[in-house]
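Here's the structure we're looking at; comments come further down.
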Amino acid sequence: MGFEPEVLERIKFHKRSTIQKEITTLLPLLFGVGLCTAIIVVAMRQNRFWLYNMLLNVNETAARVVIAGLFLLIGLITLGTVFAKLRREKHPFEPAATYDEREFAGFRSALEGVAVASGKRMSHLLVLDIPAANAIAFDLRGEPAIGVTPELLAAHLDSAAKEAIMAHEMARIALGDYFLASSSARFEALARSLAVLFFLLAVVAVVVVNPLLLFLLIAEILIFSFVAVLLGVRKRSGEVQVHNAILADSLASQVTMNPAALREAIGFVDSYVRQAGPVSTTSGYPSHLFVPVQRSWGILQGLQVASPRQGQVSLQVTVSTDDDISNWEEQAAQARSAVGRRVENLQAIESGRASPLEEPLASEKRKTTAALAVTVAVVVALTLTLALPWEGKSRAWDFISTNWILEKVAKSRVETAERMTSSIPSYQESLEAMRTFLHAKSASGSLALTISEDVELSINATSVMALADITKSMNDNARSHYSSIRYYAPGEDYVEYSKLKTEEVDLENSYASAAKQFASEVERLFVINPPDAQAVAAALQAFEARRQEILPRLEVVRARAAELARELDLQ
C-alpha cells in the first residue's frame, strides 16, 4: 500500500514550506549581494571608486588589472569556501570494516518490506562507521541511501524495531529531509556562497566607496536577523528539525501500523546516544541521525564507547572551557526535549488522538507566509527608497554611493586652494597702467620719455615680473590641491570641478607668464632712451594677442567652476 492522501498532502505542504523558508533566507543575501555590486559598479562608472581612480592616474592598464584581480580574488575565496564545506560534508563517514552480516540482512529485509508498504523504491543500505548505535538517511552519489552502524546491528533488535527504524528513514527520504539531499545541499551551498560573497563585496564597498555604508549594511543584517528570529525562518533551526523528525515518525507509523515499536526504538537508540556523549565533527550529519547526537565545540580526547548491553562504558572527555560544558548541557536538554516530544506524538497516535500528520498547522502556515511577506516587503521598501528620486535626485542612492568622509577632506583642500589663490597680490593695476601708457605713446608715435616716467615704468615692469613669479608659485601649490579633489571625493561633478580648477590655474599661469614676458621686454627696451618705437609696439601687440586668447576661456572656466561649486556646496 502507498501513502494515504492526507499523508501525501502533508508531504507537499512540508516541501512548499521548506521552499518558502529557503527563499526567505536567501532573499536578504541576494539583495545584499545585488546592492553591494550595484554600488561598486556605479561607483566605477561615476568615478567614485577612489582606489581605481588613484591607480588609473598611475597607469590605466595596471588599474584594470588590479581591479580585475580584486574581483577574481573575491570569486575564488567564495568558491573555495563553498567547496571546502562541501568537501567536508561529502565524506563525513566511511563504511564500517566489520559488522554482523546476519543482522544486516535483517535490516535489509525490513527495508524491503517498508518499501513495498509505502510504494517507494527501495534505497541502498550500508553499514557506516558512525559512533554509537544509530541510523541515517543520506545522499549517495545522487541517490538516497540509508546507513546503519555496527553498534545498531550488535544490539540485536527485533524485526518490529528494525522495520520502524527503516520506515522512519524512508519517510525522511520521502520528505526530502535527509543528509546531503540534493535540494538541501544546493540550498546550503548557495546560502554559504551568497553569505561569503555578500561579506566580501560589503568590505570592498565600505573601504573603497563609502565607510558609512557599514552602518547601512549592519542595519540591513539586523533587520533581517530580527525577522528570522521573530518568525523562526532558519531552515536548520532546532524547532524545524524536531518538527521534521515528528513528521517522519508519523509517516513511518502510517506505513508500519506499529507506533509502539518506533517509540521503543527511539528510546533504545537514545540510551546509546546519551552514553556516547558529544561527537567531535565539523560535518552536519549528527543532526540528521535517527536520534541526533551532540556535536562538541571543545577538544575531545580518549573518547571510547562500548555496547551498554555488555555493561562496558568508558568515556573520557577533555574540554577547553566551561562554555563548552554549558553548551553540551544545553544541547543535551534540547535533545531530551526533542525525544520526549517524539515519544508523546507516537503515544498520541497509539491512543488514536490527532497528530501533526493529519492537517498542516494553521499557525505554521501563517508564520511561514508572514516571514516571506515581511522579507519581500523590506526588500521592496529598501529598493524603492534607493531608487525613487527626491527633489529631482536620488538622495538615498547619492548618500550610500558617496564617501562623505573623503568629501569633507576634499572640501577642506578646496578651501585651502582658494585661500592660496585669493592671497596673491594683484599685479593687474601696474600691468594695466603700463599697458595704457604704452598704448597711448605707441599710438601717438611719441616715445621720448622723461627720466621720471622711465623710472616709474621700470618699477612697474619689475613689480609685474615679481608678482608673476609669486602668482605662478602659489598657483602651482593650489593646483596640487585641486588635482587631488577627484581622489578624495570622486564623482562626475567632482572630477569635472577638479579639471576646471586645474585648467583655471593653468590659464592664470599662462597669463602671468605672458605678462612677465611682456614686462621683461618693456624693461629691456627702455634701458635705451629713446626706445625703439616699433619694438615697443610689437611687444604690446604680442601681449594683447596672447591676452585675448587666454581671458575669454578663463571667464568660461571660472563661470562653470563657480556653478559646480554651488551645486557641490564648496562655497
Side-chain angles (χ1 to χ4, degrees), residues 1-3 91-175 177-181 245 248-249 251-273 275-276 279 285-286 288-293 305-312 342 346:
M1 74 177 204
F3 288 132
H91 301 291
F93 31 65
E94 299 293 335
T98 58
Y99 56 89
D100 190 327
E101 295 186 3
R102 179 176 298 181
E103 286 295 313
F104 178 71
F107 272 96
R108 178 182 292 277
S109 177
L111 181 58
E112 291 176 354
V114 169
V116 172
S118 62
K120 301 292 182 181
R121 191 177 68 173
M122 179 178 168
S123 300
H124 299 288
L125 183 65
L126 301 140
V127 183
L128 304 176
D129 187 17
I130 300 177
N134 225 313
I136 188 172
F138 65 102
D139 181 84
L140 179 65
R141 294 186 292 273
E143 293 291 334
I146 297 174
V148 293
T149 66
E151 288 84 356
L152 186 63
L153 298 180
H156 300 291
L157 300 175
D158 58 33
S159 58
K162 293 174 183 175
E163 188 178 63
I165 294 174
M166 293 297 98
H168 175 91
E169 299 307 326
M170 284 289 290
R172 288 277 195 177
I173 293 173
L175 291 170
D177 184 48
Y178 54 100
F179 183 58
L180 284 184
D249 289 341
L251 295 178
S253 299
Q254 285 278 328
V255 173
T256 64
M257 305 301 291
N258 192 353
L262 180 55
R263 175 172 54 80
E264 292 174 0
I266 292 172
F268 180 77
V269 173
D270 181 52
S271 66
Y272 274 83
V273 169
Q275 293 180 74
V279 174
Y285 81 85
H288 290 79
L289 291 167
F290 176 65
V291 175
V293 300
V305 180
S307 171
R309 288 200 167 193
Q310 301 171 2
Q312 299 172 356
R342 292 176 66 182
L346 292 170

Restricting to non-hydrogen atoms, name the atom on [X] and the atom on [Y] that form the minimum distance, rounded to 0.1 Å.
| X | Y | result |
| --- | --- | --- |
| A135 | I165 | CB-CG2, 3.8 Å |
| L128 | P150 | O-CD, 3.2 Å |
| M257 | Q254 | SD-O, 3.3 Å |
| L157 | F107 | CD1-CZ, 4.2 Å |
| R172 | A245 | NH2-CB, 3.4 Å |
| F138 | I146 | CE2-C, 3.9 Å |

Looking at side-chain heavy atoms only, is the closest gap between [X] and [Y] below 4.5 Å?
| X | Y | answer |
| --- | --- | --- |
| P95 | L126 | no |
| L262 | I266 | yes |
| L152 | Y272 | no |

So that I know where these two stand, are F290 and H168 an aromatic pair - ring centroids less than 6.0 Å apart?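 Aromatic pair counts; centres sit under 6.0 Å.
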Would you give the length of the straight line joining atom [atom1] of [X] to atom [atom2] of [Y], rounded to the nearest 0.5 angstrom?
| X | Y | atom1 | atom2 | answer |
| --- | --- | --- | --- | --- |
| E264 | N258 | CD | CG | 8.0 Å |
| Y178 | L140 | OH | CG | 10.5 Å |
| L111 | H124 | CG | NE2 | 11.0 Å |

Can you tell me which residue among V148, T149, L153 is in a side-chain contact (heavy atoms from CB on, under 4.5 Å) with E151?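 Checked V148, T149, L153 against E151; only one passes side-chain contact (heavy atoms from CB on, under 4.5 Å): T149.
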Please name the residue in the list M170, M166, E143 that meets the side-chain contact (heavy atoms from CB on, under 4.5 Å) test with S123.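 The passing option is M170.
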Under the side-chain hydrogen bond (donor to acceptor under 3.5 Å, both in side chains) rule, collect the residues that match up with D270, sequence neighbours excluded. R274
Evaluate the criterion side chain to side chain contact (heavy atoms under 4.5 Å, CB included) for residue pair L289 and I130; output intermediate values, then yes/no. CA-CA 10 Å; L289 291 167; I130 300 177; 4.2 Å; yes
Which pairs pass side-chain hydrogen bond (donor to acceptor under 3.5 Å, both in side chains) with one or both residues in residues 103-116, sequence neighbours excluded?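 Sorted pair list: E103-H156, E103-K162.
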